[in-house]
Amino acid sequence: MSDVGFPSASRAATVVPARSRSVAAAELAGIPWASGLDAVERERVQADMRVVQVQAGELVCRVGRPVTYWFGVIDGLLKMSNDSAVGMPITFTGVPPGGWFGEGTVLKMEPYRYNIQALRKSLVGGITAQTFHWLLDRSIGFNRFVMMQLNERLGQFIAAREIDRLTDPDARVARSLAALFNPVLYPGVGHLLRITQQELGYLVGLSRQRVNEALQALQTAAVIRVEYGGVRVLDLEALRRYGRGA
DNA sequence: TCATTAAATTGTT
DNA sequence: AACAATTTAATGA
């Protein structure tokens, strides 16, 4: 449960040996919002971006910590827990590859409002808040990405509240999966989401057995296909509507 | 590259 | 929660 090796302004750089590295140009091309940048912007981002591998259970950022980076999942799976400082945890959201988060807090330069922890060994990238703002000031494509991101996430939170009220476990699993397959928020996922049934159970709040049962039902309904270590979506629209009227 | 072994994940009780 | 079956990853010839 230690912090990751992003050099936070105050201490981490001295406590944790630099586990972060820079990115190659080829890797940068795989990052969703990087394709819309011009050469100058891309160069600065490449110089600024740090990539670090986090182990399962490690915290990427903690509530109340000063904002230093805008983060994104390059590979793996993170869990965003939106718990209040003292109270009970409120919502759990999975963050699959292609997901970038924290722009709300980076924008306002407020402390982080969530805990983000790795559900499995993951590769996380980040750019500094300074570079984030620099991009906002000059790249229209970047602005468009962030705007889409904010808008889409709003929809996600509304959907998440609805999922919490659902009683049918199959429907809960279906909707949660649909959220993870969101092509706007998580362009890195594609049609095959790498997630174990154990991890899914942890996100949805169900036992692994029940998740397995739900996945089988969804597969029978020809909405998804269950694969080893992952789920393939066959009909995203049907997955979103599952448990409601067709 | 292939065969063997260990580890992870799944399906079932 | 425990178990067996299956799939993947790691290892070494």
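The sequence lines fix the lettering, A, B, ..., with proteins before strands; numbering per chain opens at 1.
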Distance, rounded to the nearest Å, where [X] contributes [atom1] and [N] contributes [atom2]:
{"X": "A/Leu218", "N": "B/dG11", "atom1": "CG", "atom2": "P", "answer": "13 Å"}
{"X": "A/Gln219", "N": "B/dT10", "atom1": "CD", "atom2": "P", "answer": "12 Å"}
{"X": "A/Gln198", "N": "C/dT7", "atom1": "CD", "atom2": "C1'", "answer": "17 Å"}
{"X": "A/Arg210", "N": "B/dG11", "atom1": "CZ", "atom2": "P", "answer": "14 Å"}
{"X": "A/Ile224", "N": "B/dT10", "atom1": "CD1", "atom2": "P", "answer": "12 Å"}

Please determine if a side-chain N or O atom of A/Asn212 lies less than 4.0 Å away from the OP1 or OP2 oxygen of B/dT10. no
Does B/dG11 have OP1 or OP2 sitting under 4.0 Å from an N or O in the side chain of A/Gln216? yes
Give a yes or no on whether A/Arg232 atom CZ has more than 12 heavy-atom contacts from other residues, nucleotides or ligands under 6.0 Å away. yes
Greater than 12 external heavy atoms within 6.0 Å of A/His133's NE2: yes
Carboxylate-amine/guanidinium contact A/Asp38 A/Arg138, below 4.0 Å: yes
Residue among A/Gln117, A/Glu199, A/Arg120 satisfying side-chain contact (heavy atoms from CB on, under 4.5 Å) with A/Lys79: A/Gln117
Could you label the plane-to-plane angle of the A/Trp70 and A/Trp100 rings as parallel, tilted or perpendicular, counting under 30° as parallel and over 60° as perpendicular? tilted
What one-letter contact string describes nucleotides 2-9 of chain B from 5' to 3', where B marks a base within less than 4.0 Å of any protein heavy atom, S marks contact via sugar-phosphate atoms alone, and - marks no contact? ------BB
Please report whether the ring centroid of A/Tyr114 lies less than 6.0 Å from that of A/Phe101. no
